[in-house]
Amino acid sequence: MEIVKQMLLLLLCFPCHGMGTTAGSGKDKSSGTFDVKDFGAKANGMSDDSKAFLAAWDAACKSSGKVKILVPSGTYLLNPVKFSGPCRDVQTLEFMLQGTLKATTDLNKFGDGEGWVQFGRVDGLTVTGGGTFDGQGAVTWPYNKCPKEKNCKVLPTSVKFVNTNNTIVKDITSLNSKFFHMALLGCHNFKGSGITITAPATSPNTDGIHMEGNSGVTIASSKIRTGDDCVSIGHGNSFVTISGITCGPGRGISVGSLGRYKDEEDVQNIVVKDSKLIGTMNGVRVKTWANSPVKTSAINMTFENLVMRNVGNPIVIDQTYCPYDKCDNSAWSKVKLSDIHFRNIKGTTTSPVAVTLKCSKGMPCEKLSLHDVNLQHAGPGNISSACLNVKAEYSGTNNPPPCE
Ligand SMILES: *[C@@H]1O[C@H](CO)[C@@H](O)[C@H](O)[C@H]1NC(C)=O
Ligand SMILES: *[C@@H]1O[C@H](CO)[C@@H](O)[C@H](O)[C@H]1NC(C)=O
Ligand SMILES: *[C@@H]1O[C@H](CO)[C@@H](O)[C@H](O)[C@H]1NC(C)=O
């Protein structure tokens with residue numbers, strides 16, 4: 001299931017083509033507010049409003065100064081849409097979503113790897129307004145074969161940000177995505193807060209927020225209840241801070257899986273803090289492929305002030321990830337993990353092995369520390385740590401006790 005996450009990497013440039021922005025945007029166009037209803041949106045939840053949205057975007061993008069696209073309350077049915085820049089004379093562009101956008105359930109409308117609503121190549125975009133992106137995923141979840149098949153067709157991600165700079169996403173909801181709820185690809189300076197993500201625990205691959213190749217991302221004060229990772233930090237990310245997240249149901253907050261493809265880039269300077277994980281399959285996790293094709297690294301990652309309630313595997317480092325039984329015993333992960341710190345992590349675990357630190361035998365983890373990790377078994381019996389190829393530094397309280 002982790003496998004599909006790296007596919008986005010390959011699709012990164014897909015959206016760069018055919019973005020449809022006409023050259024020579026007119027400086028004479030007035031700035032101000034662009035209401036999708038003035039561009040023909042019906043807001044009846046049944047007729048396709050995509051054209052009206054694209055026309056409103058186009059007009060806003062060609063205007064200048066501080067611009068707002070208004071989506072008043074109401075329900076708007078949308079096919080896949082790409083809102084693309086550059087918007088040359090626009091200083092800031094606010095996408096004020098007060099209504100609910102509903103995705104078409106017809107998968108034939110989506111190109112290969114295409115997302116549903118995509119914002120690309122814009123600088124200074126704010127998406128806010130208290131509205132909802134409803135992926136209507138329940139209809140299409142049965143067609144998702146990715147949990148079982150390696151070469152599966154990836155279903156559409158609900159909201160994608162591709163190569164954007166200085167983006168703010170605030171006070172919006174993503175409901176029942178077909179696949180990932182949100183993906184951040186190649187963005188610089190992205191601030192998300194007040195994001196509510198909701199899908200059933202059983203929905204396949206409905207990761208909350210997935211990211212690849214970004215720098216300067218903060219995600220704060222958000223509630224994520226979904227069927228897969230609440231937040232997943234893929235390759236090529238640096239300076240990512242995740243805080244104030246309430247995660248669960250879901251599979252926790254993960255870095256990885258890293259080290260599957262040749263062209264992956266390093267991960268560095270990651271902080272996950274001040275968050276709660278409730279009833280999740282994992283807590284915080286770093287995962288790399290056992291048979292990575294090239295050397296990369298993931299360094300300087302801190303996981304602190306976390307509360308776990310009935311979490312399956314609260315702390316996991318796993319460098320032995322090898323699905324499909326294709327790795328021989330000599331394979332070892334070439335993703336160098338170093339400078340990784342777990343601090344002040346408490347709460348309850350439902351599995352007896354509460355801390356797993358399995359590092360690469362060819363490249364053992366370095367500078368790995370655990371300080372004040374205090375977990376209790378939700379059931380009867382003691383809890384333990386499992387370690388491989390690692391010498392961790394322990395301080396403060398340590399329950400489970402360190403590996404011998
Ligand atoms: C974003 O910033 C990068 C680096 O400064 C720049 O190369 C790129 O053109 C910018 N993109 C947009 C859409 O402004
Ligand atoms: C580690 O990451 C944090 C958070 O991004 C950053 O503030 C700090 O400077 C980094 N430390 C080093 C040594 O790069
Ligand atoms: C559980 O841990 C306690 C304290 O370390 C120890 O005395 C006890 O024997 C352990 N119980 C089991 C079943 O291992």
Side-chain angles (χ1 to χ4, degrees), residues 5 8 92-95 97 118-130 133 157-174 180-198 207-226 229-248 250 252-256 258 265-277 280 283-286 298-307 339-345:
K5 275 170 212 162
L8 281 179
T92 59
L93 204 170
E94 190 171 44
F95 188 89
L97 176 62
Q118 176 173 308
F119 297 94
R121 306 227 155 187
V122 274
D123 190 346
L125 171 72
T126 296
V127 178
T128 188
F133 293 91
T157 288
S158 270
V159 189
K160 276 191 185 180
F161 295 89
V162 182
N163 299 329
T164 68
N165 292 349
N166 307 311
T167 309
I168 296 173
V169 174
K170 205 176 159 204
D171 302 330
I172 57 117
T173 293
S174 175
F180 300 169
H181 287 267
M182 281 175 61
L184 279 49
L185 308 171
C187 299
H188 303 290
N189 187 18
F190 184 104
K191 290 185 167 54
S193 65
I195 299 171
T196 304
I197 287 176
T198 307
D207 292 61
I209 303 174
H210 176 67
M211 45 187 97
E212 288 176 26
N214 308 283
S215 65
V217 176
T218 61
I219 306 289
S221 309
S222 296
K223 283 199 171 56
I224 306 178
R225 306 160 61 84
T226 194
D229 291 342
C230 289
V231 178
S232 56
I233 300 169
H235 81 98
N237 289 297
S238 62
F239 292 101
V240 175
T241 300
I242 308 295
S243 67
I245 305 296
T246 303
C247 165
I253 297 176
S254 72
V255 176
L258 304 174
E265 298 191 50
D266 297 342
V267 170
Q268 54 196 326
N269 308 336
I270 310 293
V271 178
V272 176
K273 64 178 181 182
D274 307 332
S275 295
K276 287 192 188 121
L277 295 112
T280 50
V284 285
R285 181 170 54 145
V286 180
I299 60 171
N300 187 19
M301 302 190 277
T302 301
F303 302 88
E304 65 184 349
N305 308 332
L306 304 175
V307 175
D339 231 316
I340 305 179
H341 310 285
F342 297 95
R343 281 198 286 260
N344 188 24
I345 298 180

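Residue indices begin at 1 and follow the sequence shown.
- A donor-acceptor pair under 3.5 Å is absent between the side-chain atoms of Thr126 and the main chain of Glu94, judged by distance alone.
- For CD of Gln268, the number of neighbouring non-hydrogen atoms (other residues, nucleotides, ligands) closer than 6.0 Å is greater than 12.
- Val240 and Met211 make their closest contact through CG1-SD, 3.8 Å (heavy atoms, listed as atom of the first residue, atom of the second, distance).
- Every residue meeting the side-chain contact (heavy atoms from CB on, under 4.5 Å) condition with Thr164, not counting sequence neighbours, appears here in chain and number order: Val122, Phe161, Thr167, Cys187.
- Checking Asn344 against Asn305 by side-chain atom types alone, a donor-acceptor pair falls below 3.5 Å.
- Asn214 and Asn237 share a side-chain donor-acceptor pair at under 3.5 Å.
- When atom types are taken as modelled, the side chain of Ser222 and the backbone of Ile195 share a donor-acceptor pair closer than 3.5 angstrom.
- Of all non-hydrogen atoms in Gly248 and Cys230, the two that sit nearest each other are N-SG, 3.9 Å.
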Inset, instruction - Walk me through it: do Val286 and Phe303 pass the test side-chain contact (heavy atoms from CB on, under 4.5 Å)? - result: CA-CA 11 Å; Val286 180; Phe303 302 88; 3.9 Å; yes
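- Every side-chain hydrogen bond (donor to acceptor under 3.5 Å, both in side chains) that Ser215 has, sequence neighbours left out, goes to His188.
- Between Ile242 and the choices Asp274, Ile233, Val284, Ile270, the side chain to side chain contact (heavy atoms under 4.5 Å, CB included) rule is met once, by Ile233.
- Residue Met301 comes nearest to Val267 through the heavy atom pair SD-CG1, 4.4 Å, listed as atom of the first residue, atom of the second, then distance.
- When all heavy atoms of Gly256 and Ser232 are compared, the pair lying nearest together is O-CB, 4.4 Å.
- Using a 4.5 Å cut-off on side-chain heavy atoms (C-beta onward), Leu306 and Phe342 make no contact.
- At a threshold of 4.5 Å between non-hydrogen side-chain atoms, the residues Ile172 and Phe95 do not count as touching.
- Taking every heavy atom of both residues into account, Glu265 and His235 meet most closely at N-ND1, 3.0 Å.
- With hydrogens and angles ignored, the 3.5 Å screen pairs a side-chain donor or acceptor of Thr128 with a backbone N or O of Lys170.
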Inset, instruction - Apply side-chain hydrogen bond (donor to acceptor under 3.5 Å, both in side chains) to Asn166 and Asp123, showing your working. - result: CA-CA 6 Å; Asn166 307 311; Asp123 190 346; 2.8 Å; yes
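- In this structure the side chain of Ile299 never reaches within 4.5 angstrom of the side chain of Asp266, judged on heavy atoms.
- Listed for the His181 side chain is no donor-acceptor partner under 3.5 Å among the backbone atoms of Ile209.
- Nearest heavy-atom pair across Ser275 and Gly244 is OG-N, 3.4 Å.
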Inset, instruction - Could you walk me through whether Lys273 and Thr302 pass the side-chain contact (heavy atoms from CB on, under 4.5 Å) test, one step at a time? - result: CA-CA 8 Å; Lys273 64 178 181 182; Thr302 301; over 6 Å; no
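- Residues Thr157 and His210 form no side-chain contact, since every pair of their non-hydrogen atoms from C-beta on lies 4.5 Å or further apart.
- Annotation: side chain of Met182 is not in contact with side chain of Ile219 (no heavy-atom distance under 4.5 Å).
- Under the rule for a salt bridge (charged side-chain N to carboxylate O under 4.0 Å, His left out), the partners of Arg343 that lie at least two apart in sequence or sit in another chain are Glu304.
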